Structure formats: C-alpha cells, structure tokens
Amino acid sequence: MDNKEVLLLKKALERQKKARIQAEKILEEKAKKLYETTSQLQESNTRLEKLLSEKIKALDGIFSNILDPYIVVDLHMNIIEMNTAAKDFLGYNIEKEKVNLSVLIPPEYIDYNVQAMQQLREHGVLKNYESKIILKDKSERFVHLNGSLVYDENRVPIAAQGILRDITEETEIKNLLAEQKKELDIIVENSPLGIVLKQSGVIITTNKTFQTLLGYTEDELKNRLVDDISIFDDIDKSNELNSKMEAGLLDNFTVVKKYIRKDGTKLWAKTSVNAFKDICGNVKYQVAMIEDITAQHDLELEREQLLQDLEASNKGLQEYAHIVSHDLKSPLRSISALSTWLYEDYKDVLDEGGVSQLSMMQEKVEAMDKLIDGILKYSTVSSEAIDNAEVDLNEVIKDITDIIYIPDHVEVKIVKTLPTVFADKTKMHQLFQNFLSNAVVHIERAVGIVNIDYEETATHWQFSVEDNGVGIPKEYHERIFKIFQSVGNKERSTGIGLSIVKKIIELYEGLVWLESSPEKGTTFYFTIKK
C-alpha cells in the first residue's frame, strides 16, 4: 500500500472516530433526556397512584358510611359487597356467611322479583322498585330500591349494585289510607244522604244517593253548575254563603233550598256545606251533604195550616164560651133573684118542705154558676198571654190562705221557705189555690194538716201538697185530672179544678201525679220547668 492510500485511510479513520464521538455525545444527551423523562413519568405515576388510592378510599368511605343500605351482587345474585347500614338492616355479614338475594324474598314476591331482575338485565337500571323482604331475624319489611348494572372495560355486565330504603311505615300508612279510602267510598256510596264534591260551584263528583234523588246519572251531573239544578229563588242566598266560604269567612253553613229534578219536580233539601282547604288555608273543594226533607216540608206546611185552623177554632171557641157563659148566667141570675124574692115574700106562708126546696134551688144555681166559671177558666188557660216574671211563692201561698175558706181545725204549713220562680203569677196562684182548696175541704179529722214542700232538680222545681184528709181511691188517680171528673161530694166540686191544674203544669213542661190511701191522706206532686 503506497503512502497515498495510507494517508487516505488515516483520514477516513479520523473522520469515523470524530463521527463516533459525535454520535456518542448525541446518544449521551438523548439518554440523559430519556432518564429525566422517565424520572418525571415515575414521579407522575406515583402521584397518580396516590391520588387514585385516595379517591378509592374516599369512595369506600362514602359507601361504608352512607345512611341507606348499599349492596353489590354478582350475576347470580350473591351479595359480594355491603356497607355497614346494609349489615345492620339486613342482619347478615358476608364476611362470615354467604348470602343470596333469594333468601330475602317472600314466596309471594318471587315472580314479581324475577320480572324486576329481567328488567335490570335488559335496561341496565332499575328505578323506584318496591318489594317486601325478609330479614335475618325473620321480620318482614318493605323496601324501595334504585339499582344498576356494573360493567367491565368491554361493557360486559359483571355485577349489580343498589341502594335500599326502608319504607315499611310509609307503605303501612299508604295501605291504611287506601283501605280507609275504600271504606270511605263504601260509606259515601251507601250513605242515605246525597253527597256532592264541588269546586267553585262546579260539580266534580256525586254519590249514588244524590243521583237517585234528582234522577240524573253521574255523567249528567259531572262538570255541571250547581245553579243549573237549583231553584232561582234560592240561588242568591246560596251564592252569598258560598262567597263568604271562598273568602274564608265561613268553614261551614247549612241552608234549606230547593233542587230541580230531571223530571222537573222540586226537591226540598237541607244542604250542609263544609270547606276542604289546602295547606295554605285556601278553599280547594266544598263538600255538600243533601238531606231530602220534601216529606217533612209538606208535613210542616200541613202542620202550620192545622195550627192556624186550630188557633182560629180556639179563638172561636173562646168567644163562644164567653157568649155562652154570659147567656147562661143571665137566666141564672134571674132564677137566683126570683128564688130569693120567693123566700123573702113567702117564707112565712111556705111550709118546711117549700123553704127547703127554695134553699136547694139557690144551691143548684150557685153550683151552676161555679161550673160556668170553671169552664171559662179551663178554656182560656192555654190561650191567655203568659206574663213570666220573678214570683215569690211564699207570698202567693199567703194571698191564697187569706182568700179561701179554711176550716178552724185545719192548718196550712210551709215546711221550708219556698223558692222564687220565673213564671206567670196568676197561673201560679190558680195552680196552688186549686190544690189547697181541694185539700182543706176534704179533711174530716179533728186536726187537719196541709204541708207544702219542694225539692230542686237540675231542670225543674218539684212541689208537693200533702194533707191528712179522706184520701182518694186508686181507680180515681188518673180520672180526677180529666174535666168534669171528681171524687166524693159533688156539691163541693165542679170537676174542673184539677184539669185546670194539669193544663197549667203542662204549660211549664212539667208533670203531675199523686200518692194517696183512703182515710190516710193524699200527697199531690207536680213539677214546673225552671
């Protein structure tokens, strides 16, 4: 090899050496950069792993401490994960025992749950699912569940997860309300009263009774105005009350009004309306209860007419009684005067028998006069105006004992001070005078006693008039209170006094009765309302 070739070879080797040095330098720089990048990646990876671990721990904490039970199951429904709330609620611990969802399902809910699981597989989610489950302690609870499938990175289902909520109390309340609503519907439909639910005067629903009362079907009444089936004269009054209710001035009201039946006839009804309010206090609905009083109304009209007729008849009878008493008393006075004149003019001429007959005539005339007065008083007891005021009965008794004839052997005693009552003084005077007059004239003992006493009840005053007279046989105890009925000497009684007593007592919503034994005495009891 010549020198020239050697020289060229040296130059080539130098160039190759320089190129290798340059390449090594570049490689060293690249390696350094790669190392730095690797270090940075390792640091980033460490940070990511730490962050991921923290997130996983945080997520585990959320599921472990969530208030509602949370479970994860595999595709065979074996529970593979559950939080503390689920352990406490279900009573199972999967760390100590295997649990399949099938043990939680009551037999009657199996088909229902199979359908729910099928829905979960098809749609991936299960929302607002409700079921009954059996806990480990064999108690039964109702639960609400929202669940979803868990997928792998290839979207293949590998598990299912769900959150349970105990809705046992809510379900029991809901079932109770549903049962009560069913019972209420039965009551409403079978109620003897017509029932209408309305809103702003528009009928929403009605029961069968109301439909029958008016002759309409349910559909014919629905969405109809109440005014459409009401008599025009009653509409203004009802609307005024309804307006007050809508304004919150009334919670309920009752009105008697007329409805128009489908056949055009009228139905008289007592309508009671109650407001149903929302939580803000606004009237949301009105519930009306309708009672058919057509028959009562017709009877009331008949009664009013009868009362008017009776009042007119009583007035006519009173006038007639006054006229008759006046017409009867005129000839009696004449007979009395003539018999007196006969006695005075011919007493020296007449024998004992004639004088006796004139005396008997005078007695009969006097008895007839008393009878006419008694009839007049009896006919006016109920019709006279009653002027009630405070009446001291002690003063009434004193006035009576000063007026009536009381034999010397008879004593009238007030056992204890009598009350002051709110009544008509004249009526009280008539009442006690009849009792006392009857008592003092029927005592044949050497020492006669008439005791006046009373007791107080919650609603009435109860009085008693007791004597030690001849007594009244049992068979007369009812009869003596009827007009023209008396016991004993007819000359001393018209048979009207006790019938007047009974009418006065009835005016004051009281009762009268007696206890008596022949030859031992009689006690009359009577009450008057306070």
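In this text, all values refer to a predicted model and were calculated from it rather than measured experimentally.
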Classify the angle between the aromatic ring planes of [X] and [Y] as parallel (below 30°), tilted (30 to 60°) or perpendicular (above 60°).
X: Phe463; Y: Trp461; answer: tilted
X: Phe435; Y: Phe524; answer: tilted
X: Phe210; Y: Tyr259; answer: perpendicular

Donor on one side chain, acceptor on other, [X] and [Y], under 3.5 Å:
X: Asn154; Y: Asp152; value: no
X: Thr265; Y: Asp263; value: yes
X: Thr209; Y: Ser191; value: no
X: Glu300; Y: Gln296; value: no
X: Gln462; Y: Thr527; value: no
X: Tyr70; Y: Gln161; value: yes
X: Asn100; Y: Asn78; value: yes

Would you compute the distance between atom [atom1] of [X] and atom [atom2] of [Y] and round it to the nearest 0.5 angstrom?
X: Phe432; Y: Leu418; atom1: CZ; atom2: CG; answer: 6.5 Å
X: Leu431; Y: Phe526; atom1: CG; atom2: CZ; answer: 4.5 Å
X: Ile195; Y: Met289; atom1: CD1; atom2: CE; answer: 4.5 Å
X: His297; Y: Leu301; atom1: NE2; atom2: CG; answer: 4.5 Å
X: Ser516; Y: Glu466; atom1: OG; atom2: CD; answer: 10.5 Å
X: Lys127; Y: Leu145; atom1: NZ; atom2: CG; answer: 13.0 Å

Please confirm whether the backbone N or O of [Y] pairs with a side-chain atom of [X], one donor and one acceptor, at under 3.5 Å?
X: Asn388; Y: Asp424; result: yes
X: Asn146; Y: Leu164; result: no
X: Ser139; Y: Leu135; result: no
X: Asp166; Y: Val143; result: no
X: His460; Y: Leu511; result: no
X: Asn242; Y: Ser238; result: yes
X: Thr168; Y: Arg141; result: no
X: Gln211; Y: Thr206; result: yes
X: Lys530; Y: Thr457; result: yes

More than 12 foreign heavy atoms under 6.0 Å from [atom1] of [X]: is that the case here?
X: Glu169; atom1: CD; answer: no
X: Lys132; atom1: NZ; answer: yes
X: Phe422; atom1: CZ; answer: yes
X: Lys425; atom1: NZ; answer: no
X: Asp137; atom1: CG; answer: yes

Practice task
For side-chain contact (heavy atoms from CB on, under 4.5 Å), just list the numbers for Ile231 and Ile235, CA-CA rounded to whole Å, side-chain angles, deciding distance to a tenth of an Å, and then say yes or no.
Solution key: CA-CA 7 Å; Ile231 297 294; Ile235 290 177; over 6 Å; no
Exercise for the section: Assess whether salt bridge (charged side-chain N to carboxylate O under 4.0 Å, His left out) is satisfied between Lys503 and Glu506, documenting all intermediate values. Expected result: CA-CA 5 Å; Lys503 287 189 74 173; Glu506 287 174 347; over 6 Å; no
Taking the basic N atoms (NZ, or NE/NH1/NH2) and the acidic carboxylate oxygens, is any pair closer than 4.0 Å for [X] and [Y]?
X: Lys136; Y: Glu97; answer: yes
X: Glu95; Y: Lys87; answer: yes
X: Lys174; Y: Glu130; answer: yes
X: Lys284; Y: Asp278; answer: no
X: Lys208; Y: Glu189; answer: no
X: Lys262; Y: Glu220; answer: yes
X: Asp251; Y: Lys277; answer: yes
X: Glu240; Y: Lys237; answer: no

Heavy-atom pair of closest approach, residues [X] and [Y]:
X: Pro157; Y: Leu75; value: O-CD1, 3.4 Å
X: Ala160; Y: Leu120; value: CB-CD2, 4.0 Å
X: Val273; Y: Ala288; value: CG2-CB, 4.1 Å
X: Pro69; Y: Ala86; value: CB-CA, 3.5 Å
X: Leu250; Y: Leu241; value: CD1-O, 3.9 Å

Exercise for the section: Tell me, with the steps shown, if Leu225 and Val202 meet side-chain contact (heavy atoms from CB on, under 4.5 Å). Expected result: CA-CA 5 Å; Leu225 288 172; Val202 178; 3.7 Å; yes
Practice task
Take Thr254 and Ser272, measure what side chain to side chain donor-acceptor pair (under 3.5 Å) needs, and give me the verdict at the end.
Solution key: CA-CA 4 Å; Thr254 299; Ser272 300; 3.3 Å; yes
Exercise for the section: Go through Ile528 and Met428 one step at a time and tell me if the side-chain contact (heavy atoms from CB on, under 4.5 Å) criterion holds. Expected result: CA-CA 10 Å; Ile528 60 173; Met428 293 299 102; 4.0 Å; yes
Practice task
Kindly determine whether Gln119 and Gln115 satisfy side chain to side chain donor-acceptor pair (under 3.5 Å), including the steps that lead there.
Solution key: CA-CA 6 Å; Gln119 178 183 339; Gln115 295 174 5; over 6 Å; no
Exercise for the section: Taking the six-membered ring for Trp and the full ring for Phe, Tyr or His, determine whether the centres of Tyr454 and Tyr525 are under 6.0 Å apart. Expected result: no
Exercise for the section: Decide side-chain contact (heavy atoms from CB on, under 4.5 Å) for Val72 and Met82; before the verdict, give the C-alpha distance in whole Å, the side-chain angles of both, and the deciding distance to 0.1 Å. Expected result: CA-CA 6 Å; Val72 179; Met82 61 195 314; over 6 Å; no
Practice task
Examine Lys257 relative to Trp268 and say whether NZ or CZ is less than 6.0 Å from the centre of the six-membered ring and inside a 45° cone about the ring axis.
Solution key: no
Problem - Asn128: side-chain hydrogen bond (donor to acceptor under 3.5 Å, both in side chains) partners, not counting sequence neighbours - result: His144
Practice task
List in chain and number order the residues that pass salt bridge (Lys or Arg N to Asp or Glu O under 4.0 Å) with Lys416, two or more places apart in sequence or in another chain; answer none if no residue qualifies.
Solution key: Asp453
Completion exercise
By salt bridge (Lys or Arg N to Asp or Glu O under 4.0 Å), Glu170 pairs with (sequence neighbours left out) Arg165
